[in-house]
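Note that ligands are numbered from 1 as they come in the structure, with each ligand's atoms numbered from 1 the same way. This structure is a prediction, so every number in the text was calculated from the model and none was measured.
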Amino acid sequence: MMRTHRCGDLRPEHAGREVTLCGWVHSRRDHGGVTFIDLRDTAGIVQVVFSVDIDAGAHAAAQGLRSEYCVQVVGRVRERPAGTVNERIPTGAVEVAASSLRVLSEAETPPFQIDSPHEVDESLRLRYRYLDLRRARLQDNLRLRHAIIAAIRRFFDAEGFVEVETPMLMRATPEGARDYLVPSRLHPGCFYALPQSPQTFKQLLMVAGLDRYYQIARCMRDEDLRADRQPEFTQLDVEMSFVDVEDVLDVTERCFKYVWREVMGVELGPFLRLPYAESVERFGTDKPDVRFGVELQDLGPVFAASEAKVLRSALEDGGAVKAITLPGRGSASRKELDALVDEAKRLGAGGLVWAAVTQEGLRCPLERHLGEDEKRALVQRAGASEGDLVLIVADRSRARVDKVLGALRTRLAERYGLIPETDPSDPAHWRFVWIVDFPWFEYNEDAGRWDFSHHPFTGVVEETLDNLESDPGKVLSKAYDITLNGWELASGSIRIHDRELQKRVFAALGISSDEAEERFGFLLDAFRYGVPPHGGIAPGIDRIVALAAGETNIREVIAFPKTQSAQDLMTGAPSPVDAEQLEVLHLRTTVPLEETEA
Ligand code: ASP
């Protein structure tokens, strides 16, 4: 072994011992005949002292040290003199008096300081990710990720689940995103798709009699990226046989509680449960952040016969008038209010009507169109009191009203500090919510057809099945999501296990039987041979870890993430390839090499 101890592990009880340490020079300070370095390894940092009095040779050698040199130090641990203890680091009560120094490898000046207290430009961080990963924050995040995944594996193992790997090169899956394709050399003109999820395989494992499957699975989706999305991401993929909704909810909820108990030391209470319709009605979204109020209030009844035409006509056109109330914001300036109106418009609203509840009454641009009773009813239904600001959105599409107010609600709660500051050790910090009773279909306005809202294998709530052909909007699915503090963490469903029903569903989606046969024939075939009723779920590991780590971007918990434009700045992927490589793959690109945008 090249070392006897890890830097970050040394404590006063080691005083007097000779140790050999290996690590990186985190920083160096010279004080006359004494040189201090902070030596860093995976366990933390310890101060090493070189002086002529301790060892003149080692002291001389230390003069050549620079940041990030990788070194081996032999020395004796001693307690630091009183008054020089560093309370900020766990090894702060000791130091190592160095008797020998060996440079294992030198380092050029890094492009950014590893211990920089300042934000480093993200593209620089991603280009030199191996240096970025040396920083404590990212080391902690990767360790937390490991601990969470290890706990998940322990949990599922104890519950009798089998971890099975499924193919990376496969036929396209039906999650509804764009596929990453891989050209086949042996089959000219044919492509594999990278898995958007192991959905079809996990269902086939149930047909195969595996009974309880899970996998820490990589998934690839060629989508536009956001803070909580990467082109490749990791899911805890789960599938179970002979179950209904409650069984999957139970195992999943217990898994989260186990992970939080084991890894975070937090005892979570029962998860809240909200039907989709209620979540959208109250929070304007199916990813509700329930840590604070400011719920959407329906002002429809107030304005049904109003003189204020914008409000009334939205209702007459079958839409909605709803509001959120921001406590204590009634004194907002005109400028602030105008900015809010603009923000609502950018979110898709035709406009936003604000109403400030003041001592003198209601201050509102529509004031002269509102009767006294109306004003009183508005304030009452909005749940406002003096000093509050009511933000009203009216539109002929109820969905748009919900969407705009839902987005404003979360943005403004953050901006105005309405989310209670809780400690991560407090169960109230983690507001998990199950969303259930999703509509099976979503109307796609642009394409003028019904799309699935989860995926085409999702089970149908029996009582709503009769609407499948006549009124798809009324069909409910056996799908469920878990959300945490406004993030979607997991989706899943009980599946269709009846071949005929599966065909009916494809038809309702406008997928012809030929197309269904062509795309999912293998699954429909399997369903001829005795399918157990089954269902599952797939929590997103990156999001779980990000929330657990208190990060707002999943890139911070992924070792080698891609940028917002799906590039790996370190390796330079994606990149052009040789003409010969394309040739053997039977491909020709339409972009001339000199115009390739890498
Ligand atoms: N495959 C689904 C997804 O990735 C999850 C599931 O239905 O289990 O969202």
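- Salt bridge annotation for R528-D525: present, with a cationic side-chain nitrogen under 4.0 angstrom from a carboxylate oxygen.
- Around the CG atom of N444, the shell of radius 6.0 Å holds more than 12 heavy atoms that belong to other residues, nucleotides or ligands.
- Judged by the shortest distance from any of its heavy atoms, R495 lies inside the 4.0 Å radius around the atoms of ligand 1.
- Residues passing the side-chain contact (heavy atoms from CB on, under 4.5 Å) test with D437 are P275, L476, sequence neighbours excluded.
- The contact set between ligand 1 and S491, taken as ligand atoms under 4.0 Å from a residue heavy atom, comprises 5 (C), 6 (C), 8 (O).
- Side-chain N/O atoms of D481 and S491 include a donor and acceptor closer than 3.5 Å.
- Atoms of ligand 1 found under 4.0 Å from any heavy atom of Q235 (numbered from 1 in listed order, with element): 3 (C), 4 (O).
- At least one heavy atom of R221 sits under 4.0 Å from some atom of ligand 1.
- For I537, every heavy-atom contact with ligand 1 shorter than 4.0 Å involves the backbone, none the side chain.
- Proximity to A538 (heavy-atom distance under 4.0 Å) selects the following atoms of ligand 1: 5 (C), 8 (O).
- The residue Q196 has no part lying near ligand 1, judged by heavy-atom distances below 4.0 Å.
- Residue K202 approaches ligand 1 through these ligand atoms, each under 4.0 Å from one of its heavy atoms: 6 (C), 8 (O).
- Annotation: the span from M240 atom CE to D250 atom CG amounts to 8.0 Å, rounded to 0.5 Å.
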Checklist entry - Can E295 and R409 be said to form a salt bridge (charged side-chain N to carboxylate O under 4.0 Å, His left out), step by step? => result CA-CA 8 Å; E295 292 185 21; R409 174 181 177 270; over 6 Å; no

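- A salt bridge links E462 with K478: at least one charged nitrogen is closer than 4.0 Å to a carboxylate oxygen.
- Heavy atoms of E239 come nearer than 4.0 angstrom to ligand 1 in no pair at all.
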